[in-house]
Amino acid sequence: MTFAVCIERSIVADKLDRVIADYVNGRIDAKIKSIESRYLYRQKVDNLGIRTSYSGGSEQESYVINKEELENDAEFNRLKEVNYIFSMWYEPLRNIEKEVVKLKLSGYTGLPWYRVMIELDIKDIDISQKQAKRIFYQFKRDIEPFILHCLN
């Protein structure tokens, strides 16, 4: 395996970890809601920076136009697809498996394995570190082929 291939796999793995962390921590849903509100709840502002009550068109017409713009937004569509794919793979997991994935990638940097094991012990989940790692890496291997096209 060449050095370039190793670097490329490492970059893909980092992006995959970031996307999984965004999903389990709720940041993907927050981004989706932010984009929706940006399009659907726009305030018309005139050239002086004052919100105007009349923009020359009806509110219903503006809403439909904004809704169409939202449906054509590339980032919005990508996030919706990522959310759909992850919900298909993450939600059917058993509670122990969800907890392992969630703890490993909690926050922005994730927890090291010894902290994951401490948190599992606190929650009275009796599992070995080897089993926890197997759960986490198996989940990543399973979802990777289906999510690769969404990683930018």
Side-chain angles (χ1 to χ4, degrees), residues 1-45 51 59-152:
M1 185 179 315
T2 66
F3 181 71
V5 172
C6 289
I7 294 294
E8 184 178 326
R9 283 191 179 171
S10 174
I11 291 171
V12 169
D14 289 344
K15 287 181 180 181
L16 181 60
D17 283 347
R18 194 172 326 119
V19 171
I20 295 171
D22 285 348
Y23 180 81
V24 297
N25 292 307
R27 289 188 290 265
I28 290 181
D29 286 331
K31 288 177 186 178
I32 289 171
K33 289 184 192 299
S34 172
I35 292 171
E36 282 178 342
S37 66
R38 185 174 63 214
Y39 277 101
L40 299 180
Y41 304 110
R42 287 184 181 170
Q43 292 286 334
K44 300 297 181 191
V45 178
R51 281 185 276 165
E59 286 185 33
Q60 295 86 0
E61 181 182 12
S62 298
Y63 182 80
V64 169
I65 290 171
N66 291 340
K67 187 84 167 159
E68 288 176 0
E69 289 176 8
L70 174 66
E71 291 171 359
N72 293 328
D73 188 284
E75 182 183 11
F76 177 76
N77 290 330
R78 184 183 68 81
L79 289 172
K80 291 290 276 188
E81 184 175 6
V82 166
N83 203 14
Y84 177 73
I85 291 169
F86 270 101
S87 67
M88 284 180 39
W89 284 92
Y90 182 75
E91 297 307 323
L93 294 177
R94 294 179 302 153
N95 289 337
I96 294 172
E97 295 168 337
K98 284 182 185 179
E99 198 62 36
V100 168
V101 172
K102 185 191 246 182
L103 286 172
K104 180 60 182 153
L105 294 172
S106 66
Y108 284 96
T109 57
L111 297 177
W113 281 109
Y114 76 91
R115 285 286 300 157
V116 170
M117 297 313 297
I118 290 171
E119 294 295 326
L120 289 173
D121 284 342
I122 290 171
K123 295 179 180 190
D124 291 328
I125 297 174
D126 188 27
I127 187 173
S128 70
Q129 184 172 348
K130 186 176 181 178
Q131 288 173 316
K133 284 183 176 183
R134 187 179 312 126
I135 289 168
F136 177 72
Y137 292 119
Q138 184 65 45
F139 176 74
K140 280 181 62 173
R141 274 193 303 275
D142 288 346
I143 201 167
E144 185 178 16
F146 299 98
I147 204 76
L148 274 179
H149 68 280
C150 296
L151 302 177
N152 52 351

Gap between atom [atom2] of [Y] and atom [atom1] of [X] - 0.5 Å precision:
X	Y	atom1	atom2	result
S106	E119	OG	CD	7.5 Å
I32	R78	CD1	CZ	9.5 Å
Q129	L120	CD	CG	10.0 Å
K102	L93	NZ	CG	12.0 Å

Please answer whether the main-chain N or O of [Y] pairs with a side-chain N or O of [X] as donor and acceptor at a distance below 3.5 Å.
X	Y	answer
D73	E69	no
N83	L79	no
N66	Y39	yes
E97	R94	yes

If we count only N and O atoms by modelled type, under 3.5 Å, do the side chains of Q138 and R141 hold a donor and an acceptor together?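 Yes.
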
Is it true that N95 and E99 share a donor-acceptor pair across their side chains at a distance under 3.5 Å?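 Not at all, the side chains of E99 and N95 share no donor-acceptor pair under 3.5 Å.
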
Is any side-chain heavy atom of [X] less than 4.5 Å from a side-chain heavy atom of [Y]?
X	Y	answer
M88	I85	no
R134	Q131	yes
F86	V24	no

Partner of Y90 under side chain to side chain contact (heavy atoms under 4.5 Å, CB included), chosen from I143, I20, V101: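 Of all the options given, the one that passes is V101.
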
Which of these, V116, D121, I122, sits in a side chain to side chain contact (heavy atoms under 4.5 Å, CB included) with I118?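 Filter result, single survivor: I122.
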
Using the six-membered ring wherever Trp is involved, compare the ring planes of W113 and Y137 and label them parallel, tilted or perpendicular (cut-offs 30° and 60°).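 Ring orientation of W113 relative to Y137: tilted.
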
Worked check of side-chain contact (heavy atoms from CB on, under 4.5 Å) between L103 and R115: CA-CA 9 Å; L103 286 172; R115 285 286 300 157; over 6 Å; no

Residues forming a side-chain hydrogen bond (donor to acceptor under 3.5 Å, both in side chains) with N77, sequence neighbours excluded: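 Here no residue qualifies.
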
Salt-bridge criterion met for [X] and [Y] (N-O under 4.0 Å):
X	Y	result
E91	K98	yes
E144	K140	no
E36	K33	no
K104	D17	no

D142, CG: over 12 other non-hydrogen atoms inside 6.0 angstrom: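 Buried by this count: over 12 neighbours within 6.0 Å.
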
Tell me the closest heavy-atom pair linking A21 and L105, and the distance in Å.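 Nearest pair, atom of A21 first, then L105: CB-O, 3.5 Å.
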
P92 to S87 - nearest heavy-atom pair and separation: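 So the two residues come closest at CD-O, 3.7 Å.
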
Ring-ring centroid check W89 F146, cutoff 6.0 Å: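 Distance test on ring centres: under 6.0 Å, yes.
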
